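To start, the structure under review is shown below, and the notes come after it.
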Amino acid sequence: MNISNLLKLAVYALKRNRMRALLTMLGIIIGVASVIAMLAIGEGSKKSIQDQISSMGTNLVSVSPTSQHRGGVELGNAASVSLTIKDLDAIRDECPSISDLSPEVRANGQAVYSNKNWPTSLFGSNTDYLRIKLIEVSEGRGFTEQDVKGAAKVCLIGETVLENLFGKGTNPIGLSIRYKKVPFTIIGILKAKGTNTYGQDQDDLLLAPYTTVQKRVLASTFFNSIQSSAIDESSTKKAAAEMEQALRKSHKLKEGSENDFRIRTQEDLVTTSSSVSNVLTILLGAIAGISLLVGGIGIMNIMYVSVTERTREIGLRMAVGGRGKDILMQFLIESILLSIIGGVIGIFVGIGASQLIGILMKWPVVVLPASVILSFLVCTVIGVFFGWYPARKAAGLNPIDALHYE
Amino acid sequence: MSKTIIEVKDLTKEFHVGDVTVRALKGVNLSIAEGEFIAIMGASGSGKSTMLNILGCLEIPNSGTYILDGVDMSELNKDELAALRNQKLGFVFQSYNLLPRTSAIENVELPLFYNNKVNAKERRERAEKALIRVGLKDRMGHMPNQLSGGQQQRVAIARSLVNDPVVILADEATGNLDTRTSYEIMALFQELNSNGKTIVFVTHEMDIARFTSRNIVFRDGKILKTEDVKERFNAVEMLKNLPVADEVQAAKN
């Protein structure tokens with residue numbers, strides 16, 4: 001029998017049991033739709049993480065100290081005290097691919113204004129920092145070289161700190177707050193950036209010259225990290241290599257010994273966070289995949305019932321000349337049709353559901369063509385896989401027994 | 001003498017039911033010529049159903065030969081037997097075996113689906129012709145549940161005719177029908193037969209057998225006797241003489 005006849009017979013058979021065909025398809029529809037929606041959510045979150053990281057500056061290169069040994073004792077990253085002004089100068093002198101360069105020091109404590117106080121981080125940097133981190137000043141001014149050199153007690157205030165100490169929409173420029181008993185004059189307000197991908201509030205900070213933070217707050221000469229930007233996006237790798245070279249030299253590391261610092265480019269960050277959301281995507285996809293599998297089992301179940309119920313029909317088809325393989329193909333095509341039609345509907349439902357989730361929950365969703373193609377293929381495979389056993393059973397029936405089956 | 005359609009020699013068939021061996025046919029010889037209208041008779045267990053299944057190429061005998069229209073079926077595999085059934089045989093069953101929720105014309109088309117040489121247009125034309133031939137011109141789009149028992153059996157007969165078979169095998173084709181409808185069906189068979197169709201009709205009803213031209217009586221797996229029907233019934237005449245149907249009578253009252 002040729003394929004168009006087989007298709008026609010399968011369509012007739014499905015039409016005879018519309019309601020049942022629809023209900024069977026429902027399993028596949030839900031399965032495929034959830035796979036597509038889940039992958040879209042996973043992919044969306046991945047993309048939004050990548051976008052956020054890019055918004056921090058795509059050519060960012062940062063150096064942080066790693067754990068150091070002192071006579072066999074691991075001191076841990078927090079205790080690392082390897083980055084100093086000497087390193088900063090070395091990088092400035094020896095790394096032509098670096099355009100902006102700033103140290104970062106960080107103190108934690110309470111910011112106090114009159115009877116209000118708020119726990120926040122005080123970051124110390126030089127004048128390049130705002131450019132490197134793509135932070136803008138919305139009111140007032142940033143600090144100057146003079147401020148850095150003179151360890152001036154000035155700071156820029158983040159939106160969150162502003163709200164909590166002064167109230168929303170007020171202008172605190174010129175006012176003085178205290179941080180660890182040191183008075184800082186507010187000279188500018190940082191433009192709000194919102195929360196980052198990890199849920200961290202990026203506006204909950206104070207920014208001051210690093211010299212001030214080192215000398216007046218921390219009484220230390222070390223940096224928590226060095227932040228820099230490469231001259232352009234494509235030279236981040238080169239910049240990182242130059243930096244490594246410069247730092248190894250300035251740290252006097254011997255050939256073969258490990259680095260006591262770690263250089264990370266924005267690209268590394270993207271890769272790391274992508275792998276996190278990849279795990280999320282796989283997890284969501286797997287759960288949805290299970291529902292697709294259940295849908296497939298539903299098809300097998302219905303086809304199995306259908307074969308039993310249509311035993312006499314099978315007998316008749318054999319009597320009028322249907323060969324075993326014709327019967328096999330007919331039932332197989334029925335189950336493939338069920339799963340493919342269900343799959344196509346599921347794809348549309350899935351895309352619709354993704355958009356709806358995107359609109360209602362304000363989640364970023366990205367429907368990948370690959371996930372659509374994948375679920376379509378999976379449907380076909382499900383149709384064949386779960387249709388095979390019932391179809392075999394039908395094809396193996398003895399025509400005489402089948403004809404007289406009650 | 002006309003052409004021999006069915007030639008059966010020393011046919012045996014055994015079934016194994018658990019440890020018991022049932023010898024359904026114990027050496028049957030039979031010859032049916034083109035244009036004959038045969039009734040195969042016998043009590044249940046006589047082997048007549050097994051005989052029909054073998055004649056219908058649905059069952060393979062243990063020994064002996066069966067030549068259908070010049071083809072020795074013992075040399076064929078399952079698929080070839082299916083093709084043989086498709087091209088040379090027509091089946092009519094006691095319980096009609098129509099596909100439910102499928103129109104009369106689609107039911108009649110069914111055998112042609114399994115014949116690659118017939119395209120969709122020819123399939124529809126031949127099915128229409130077959131339905132017209134059994135007198136169901138106005139019922140082509142009806143579903144089986146919208147048809148009476150007699151009409152359903154007519155659809156089944158149309159289905160058996162649609163591939164233009166060399167022989168029609170009918171298994172108790174009037175078994176589910178009342179007397180009047182049975183006679184109507186027999187009239188149809190007689191008409192087909194008078195136009196040259198060879199028909200093998202299995203029945204256990206004596207009066208139905210008298211519509212045929214030759215009776216073959218089975219007992220205990222063997223042919224007990226073969227006899228030509230002398231005073232053959234004419235179904236059209238018989239219908240005229242039947243008392244008016246109950247429902248018609250009721251309508252008059």
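Lettering follows sequence order; numbering is per chain, from 1. The structure presented is a predicted model; accordingly, all values stated were derived computationally and were not measured.
- Neither the backbone nor the side chain of Lys15(A) comes within less than 4.5 Å of any heavy atom in chain B.
- The shortest heavy-atom contact between Arg312(A) and Ser95(B) is NH2-OG, 2.7 Å.
- More than 12 heavy atoms of other residues, nucleotides or ligands lie within 6.0 Å of CZ in Arg16(A), so this atom counts as buried by the packing criterion.
- Within 6.0 Å of NZ on Lys47(A) lie no more than 12 heavy atoms contributed by other residues, nucleotides or ligands.
- Atom-to-atom distance recorded for Gln94(B):CD and Leu403(A):CG is 12.5 Å, nearest 0.5 angstrom.
- Summarising the geometry of Gly322(A) relative to Ala82(B), their closest heavy-atom pair is O-CB, 4.0 Å, with the distance given to 0.1 Å.
- The two atoms that bring Phe93(B) and Leu316(A) nearest to each other are CE1-CD1, 3.6 Å, heavy atoms only.
- Looking at Gln87(B), there are no atoms closer than 4.5 Å to chain A (heavy atoms on both sides), in backbone or side chain.
- No side-chain heavy atom of Asn163(B) sits less than 4.5 Å from a side-chain heavy atom of Val320(A).
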Listed pairs under 3.5 Å, donor-acceptor, residues 365-383 of chain A side chains, sequence neighbours left out:
| residue | atom | partner | partner atom | Å |
| --- | --- | --- | --- | --- |
| Ser371(A) | OG | Leu368(A) | O | 2.9 |
| Ser375(A) | OG | Ser371(A) | O | 2.5 |
| Ser375(A) | OG | Val372(A) | O | 3.3 |
| Thr380(A) | OG1 | Phe376(A) | O | 3.0 |

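- More than 12 heavy-atom neighbours from other residues, nucleotides or ligands sit within 6.0 angstrom of CZ on Phe15(B).
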I'd like to know whether Asn5(A) forms a side-chain contact (heavy atoms from CB on, under 4.5 Å) with Arg123(B), so could you lay out the CA-CA distance, the side-chain angles of the two residues, the decisive distance to 0.1 Å, and finally the verdict. CA-CA 11 Å; Asn5(A) 279 359; Arg123(B) 189 163 63 220; 3.2 Å; yes
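- For the pair Leu99(B)/Arg317(A), a side-chain contact is recorded, criterion being any heavy-atom separation below 4.5 Å from C-beta on.
- Atom CE of Met318(A) sits about 7.0 Å away from atom NZ of Lys78(B), to the nearest 0.5 Å.
- Between Asn86(B) and Arg323(A) the shortest side-chain heavy-atom distance does not fall below 4.5 Å.
- Counted within 6.0 Å of NZ on Lys222(B), heavy atoms from surrounding residues, nucleotides or ligands total 12 or fewer; the atom is thus considered open.
- If you measure heavy-atom distances from Asp171(B) to chain A, the contacts under 4.5 Å come from the side chain alone.
- No more than 12 heavy atoms of other residues, nucleotides or ligands lie within 6.0 Å of CZ in Arg219(B), so this atom counts as exposed by the packing criterion.
- When the heavy atoms of residues 52-76 of chain B are compared with those of chain A, the residues falling under 4.5 Å are Asn53(B), Leu58(B), Glu59(B), listed by number.
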